[in-house]
Structures are given as structure tokens and as C-alpha cells.
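Right, one structure below, let's go through it.
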There are 2 protein chains.
Amino acid sequence: MGNSTWPDVTKLLYNMQQSLKTIFPNFSNELIATIEENGSLQDFKAGTILMRTGQYIKNTVLIIKGKIKIYREGEDGGEFLMYYLQPGQACAISMICTAKSEKSQIMAKVVEDVTVMMIPLQLMDKWMMEHRSWYEFVIETYRSRFEEVLEVVDNIAFRSMDERLEFYLKRHSDACGCSEVNLSHQEIATELNTSREVVSRLLKKMEQRGLVKLNRNQIELLK
Amino acid sequence: MGNSTWPDVTKLLYNMQQSLKTIFPNFSNELIATIEENGSLQDFKAGTILMRTGQYIKNTVLIIKGKIKIYREGEDGGEFLMYYLQPGQACAISMICTAKSEKSQIMAKVVEDVTVMMIPLQLMDKWMMEHRSWYEFVIETYRSRFEEVLEVVDNIAFRSMDERLEFYLKRHSDACGCSEVNLSHQEIATELNTSREVVSRLLKKMEQRGLVKLNRNQIELLK
DNA sequence: AACCTACAGTAACATTTATCACAGAAGATT
DNA sequence: AATCTTCTGTGATAAATGTTACTGTAGGTT
């Protein structure tokens, strides 16, 4: 990242604080400075598994840039998509498990190159008492992730596969901010825990209804 | 509840503190005294709906005695069972929503006469900073309820109805501490979001496999 | 061009779950 | 006892989903 003369480093640091403030607008300035000081910034390429089921968790993960998908793994190797994590969010599981250094119940995969801030577990807990804005962020993270999982329960408990597929596509396009889903039918099937043929059939029906246009490795959402 | 001469009231108070200490062994003595002072003890009969979907939440609920079932409601009126709350536990949703005074995402029904301690929302938040043992209890509540919901996702995402039914019966008998399930097939079907006929058929198969004995309004678990 | 591989489409069939229809059994009520 | 209601069992059928097998096509590789 460029040369390392003092002015540049200072500038980078300044920019970092500015960007943290932008991504986490509710964090106090002291908290941001503390995060700067104690957290470690790391990059991961798309495809990286950030956390595996059964692994012990040593850090709380704040998303600065990029996207992560959170999966629940089945015994047979299924990878059921639960939700996305985006900049400004944090992994609730990593917070919850961190507090007791428990095993992860989920799998986290990078789907768009990410920059994350890793916070060591002792600090995560310590800051709860010291920084009101951290406390509120953690509680809000619990709340919103819990709600998201409840929505997942809704989908699989009350809805049929065609509705779940529509929801899946909509959420994908919301997450990437575009109307093209660049995934193969097989990938979608895996994340919905169904088979490729079922996804192909349902997509074809959606195309006939005028909801999508199907291309190779791409689904365009029309409505 | 008996007469109201001073000695009796003192004794009751003493007993209450003792029993709180037994049910919530990790609470500090100061915390228990604070709860005594600020919380309000209430009884509800089996069948009472303690909390409805969409309702605003004004209290955090600690279970002292009895049992509560937590449901996710479908748009069509389905009542999908998520988990049980038992003495020593608290409603995670009431904590999470309380913090922001949000709407409830779930429905809570008393299934065995309960005594609960209602904690006003401002205190729930305030105590987080003042009582370490309260803080730890709240975090542990989030963690264990989150895990429980993840297990629900597992069940509906990866398992078929016969496995889910077995799981349902096992959990029921764990909760009531006996091997008889005193529910009609219709009630079970509703909580699994399936139909009565399916439950009847699957139970019959389980009986043929020697897993249960079927009586009217009762299922005995044999293994 | 010839070949290879991953992806997509689809028919046929199996399995699971849902729905409809009806009958009988257990309890409750009169 | 006669009646009524609720619960349970079960066959027939429908609908949704899963599986197998095969085909074609797009794009990359040789």
C-alpha cells in the first residue's frame, strides 16, 4: 500500500478513522480510537471460509467492506443460507460465542472480497461496560440477527419452495444492489437445501410468468 | 394467601429471596434484593397468551415456576412451536425488544400455570451496567435462545416430518419430565405446521416400530 | 474443427406430504 | 340408553418435492 513515509501513514490512519465513523456512525469517537488501537484489520478473498461449524471463536468480526454469507450446515454436508452480513454489521454468533468462548454453530463464507476488523474476545466483553455506543451496537446486533433467523424459520416453516426461491432471489439482489443474480442453479439449490432440477423447474415457471429472464449463470429479475 | 400479620409477610419475603436464589443461582445477593424491590410477581393460568405477535413489549419476563411455549405465528394462523421456557430462564425476545421497545416477533403461551417476575424495561437496561451477574445472565440468555432457534432451523431445513415428530415428542417429555405426552394429534400437527392425518399416520408407524404406545389424548414414549 | 466440461432443460418415476372422505371408538351430555 | 362431540384410523387421491436418466448447449481448451 504505497510507501511508508510518516505523512502517508498518518493520512491512512486518519482516513481509516473517518471511514469507520462513516460505516459505524453510532460509535463514539473514543470507541473508534480504541478499535483502531486494539483491533486488527484483515482482508479476505471471496470464497474464503471465515468460520467453520464447531470451531472455537477467538474474535468478534466487524464488517468494513465486502459481503459474507452465514450458513447453517447439515450433517450430510448441506449448506443452508441464513443471512448476509454487510458493512456496518457484525457477526452476532461471534459475539455470543465469544462471551463464553464457545464453539461456532454456523459457517461464514466470504462472497465478495472483505475487509474486517477483528476484535479479541476479552475486549469485546470489556467494552460493554466502558463504551455505551458499543453496548448499544452489540444489543442491536443481537436483536437484528435474531429477527433475521426468525424470518428464516418463517420461510421454511410456512412457505413452499417457489415462494422461498423468490425470496432468495430478491434478497440476493438486495444484497448486491443489482437485478442480476450470477449463480448457477446448482449453487442456489444447495443454499435452499433442495435439488438443482427443482430450482430449474421453478425458475422456468417464473420465466413463463414474466418474473425473470434466464441466461447461463445468470438470472435477471424483471419485477 | 394466609393472613397478613407482620411475621408472615417477613417470612414470605425471606422465602421468596431464598427461592429466587435457588432458581437463579448465579444472581448476586444485591441483584436478587433489587429484583425483589422492583420486579412484580405475577401468576398466569395455563392457556394464557402472555405475549402476542406485533404487541409492544414493556417488561422482561423471568420464569419462576411453570412452563411457557414460544411460537412463531404464520400469516394463515399457524402456530409453529419454537421452544420452551422453564424456571430459571427468561424470554430472550422480551429482552431484545425491550432494549428498543420494539414489537414482539413471537407469541408466548402458558402451558403449565406459571409465576413470572416482570422487570420494567428501563431497569433491564440499567442493571446491565450495575450488576455483573445480570449482564452475564442476559448474554447467556441470548446465546442459548439463539442456539435453540438454530436447532429449529436445522430441524425444518434438513429433516423430514417423521424425524421432526420424534424430536417434538422427545422435547415435550424432557420439558414435562415424564414419558407421557397428553396432547391430541391435532394439537401436535398445529405446532409442527402439518395436518392431523400426517401425525396420526406417522405415530402409527412409530407404534409399529415399538417406539410409542398410543392412547386417546396420550402418547406414551417407550424408548 | 474436435473435444471437454459445466450448465441447463426436461421427461419419467419415486417419495413425501397434503387433502378429502368417511367410519369407528372413547368420552361427555341428556 | 340414546345422543353428541371429539379424537383417531385409514383409504383414495392430489400436489409438491426428490431422484434418475438423458439431451442439448455454451464456452473454454487442445
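Throughout, a chain's letter reflects where its sequence line sits, starting with A, and its residues are numbered from 1. Not measured: the values here are computed from a predicted model.
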Please report, rounded to the nearest Å, how far the [atom2] atom of [N] is from the [atom1] atom of [X].
X	N	atom1	atom2	answer
A:Leu183	C:dA6	CG	P	18 Å
B:Met161	C:dT16	CE	P	13 Å
A:Leu192	D:dT17	CG	C1'	13 Å
B:Ile188	D:dC7	CD1	P	12 Å
A:Leu202	C:dA8	CG	P	14 Å
A:Leu214	D:dT25	CG	P	17 Å
B:Lys205	D:dT8	NZ	P	18 Å
A:Leu165	D:dG18	CG	P	12 Å

Which of these nucleotides, [options], is closest to any side-chain atom of [X]?
X	options	value
A:Arg216	D:dT8, D:dG27, C:dT17	D:dG27
B:Arg201	C:dA18, D:dT20, C:dC20	C:dA18
A:Val198	D:dT17, C:dA6, C:dC20	D:dT17
B:Glu197	D:dT17, C:dT19, D:dG9	C:dT19
B:Arg196	D:dG11, D:dC7, D:dG9	D:dG9

**Prompt:** Contact class for A:Asn217 vs. all strands (heavy atom < 4.0 Å): base, sugar-phosphate, or nothing?
**Reply:** sugar-phosphate
**Message:** On DNA chain D, does the nearest nucleotide to B:Asn215 precede the nearest nucleotide to A:Ser160 from the 5' side, or the other way round? Give the residue.
**Reply:** B:Asn215
**Upstream residue (5' side of DNA chain D) when A:Ser195 and B:Lys204 are each assigned their closest nucleotide** = B:Lys204
**Any B:His185 side-chain nitrogen or oxygen under 4.0 Å from OP1 or OP2 of D:dG9** = yes
**Message:** At less than 4.0 Å, is any side-chain N or O atom of A:Thr194 found next to OP1 or OP2 of D:dG18? Yes or no.
**Reply:** yes
**Prompt:** So how far is it from A:Cys91 SG to A:Met51 CE, rounded to the nearest 0.5 Å?
**Reply:** 4.5 Å
**Prompt:** Do A:Glu148 and A:Tyr84 have side-chain atoms, one donor and one acceptor, less than 3.5 Å apart?
**Reply:** no
**Message:** Looking only at the side chains, is there a donor atom on one of A:Ser184 and A:Asn217 sitting less than 3.5 Å from an acceptor on the other?
**Reply:** no
**Prompt:** What is the ring orientation for B:Phe27 with B:Phe137, classed by angle as parallel under 30°, tilted 30 to 60°, or perpendicular over 60°?
**Reply:** perpendicular
**Donor-acceptor pair, side chain of A:Thr48 and main chain of A:Leu50, under 3.5 angstrom** = no
